[in-house]
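Worksheet for the structure shown next.
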Amino acid sequence: MRERHWEKIAQQLGVEIMPIENFSTEYILGLNLKEHLETIQKIGESAAKEYQIEQALDKMEREWENMNLNIHPYRETGTGVIK
């Protein structure tokens with residue numbers, strides 16, 4: 001998850017939950033997050049979907065990186081066509 005997802009969880013639950021070096025299971029259990037499982041799951045699912053989209057966009061960008069498109073004027077319309 002990205003920092004913005006952790007911030008959203010922290011904001012909605014009213015707790016400090018940014019993952020840091022001493023972020024442990026014991027700390028998480030101490031926050032009693034079981035009550036907020038549905039909220040955390042929604043944010044986690046959203047983060048996973050965003051990650052999948054980012055990966056797909058990165059792949060497309062790599063695939064199109066060396067492509068050259070030739071755009072020629074189409075009649076006198078002010079638009080172009082790809083040839």
(request) Spell out, yes or no, whether Trp64 and Ile71 are grouped together once hydrophobic residues are joined by side-chain heavy atoms under 4.5 Å, including indirect joins. (result) yes
(request) Only counting residues at least two apart or in another chain, list the ones meeting side chain to side chain donor-acceptor pair (under 3.5 Å) with Glu63. (result) Lys59
(message) For Ile17 versus Trp6, what's the shortest heavy-atom pair and its separation?
(response) O-CE3, 3.4 Å
(message) Quick check: is Met60 connected to Met67 through a chain of hydrophobic side chains (ILVMFWY, heavy atoms under 4.5 Å apart)?
(response) no
(request) Indicate yes or no: at least one non-hydrogen side-chain atom of Leu33 is less than 4.5 angstrom from one of Ile9. (result) no
(message) Can you tell me if Glu61 has over 12 outside heavy atoms packed within less than 6.0 Å of its CD?
(response) no
(message) Quick check against the 3.5 Å criterion: does His5 have a side-chain atom that pairs as donor or acceptor with the backbone of Arg2?
(response) yes
(request) Compare every heavy atom of Met1 with every heavy atom of Gly44, then report the nearest pair and how far apart it is. (result) CA-SD, 3.9 Å
(message) Nearest 0.5 Å, please: how far is CD in Glu16 from CD in Glu7?
(response) 9.5 Å
(request) Enter the distance from Lys42:NZ to Ile40:CD1 here, rounded to the nearest 0.5 Å. (result) 12.5 Å
(message) Counting C-beta onward and ignoring hydrogens, is there a side-chain heavy-atom pair between His36 and Val15 closer than 4.5 Å?
(response) no
(message) Checking Glu50 now: which residues fulfil salt bridge (charged side-chain N to carboxylate O under 4.0 Å, His left out) with it, not counting sequence neighbours?
(response) Arg4
(message) Under the side chain to side chain donor-acceptor pair (under 3.5 Å) definition, can you give me all pairs with a residue in residues 66-83, not counting sequence neighbours?
(response) Thr77-Thr79
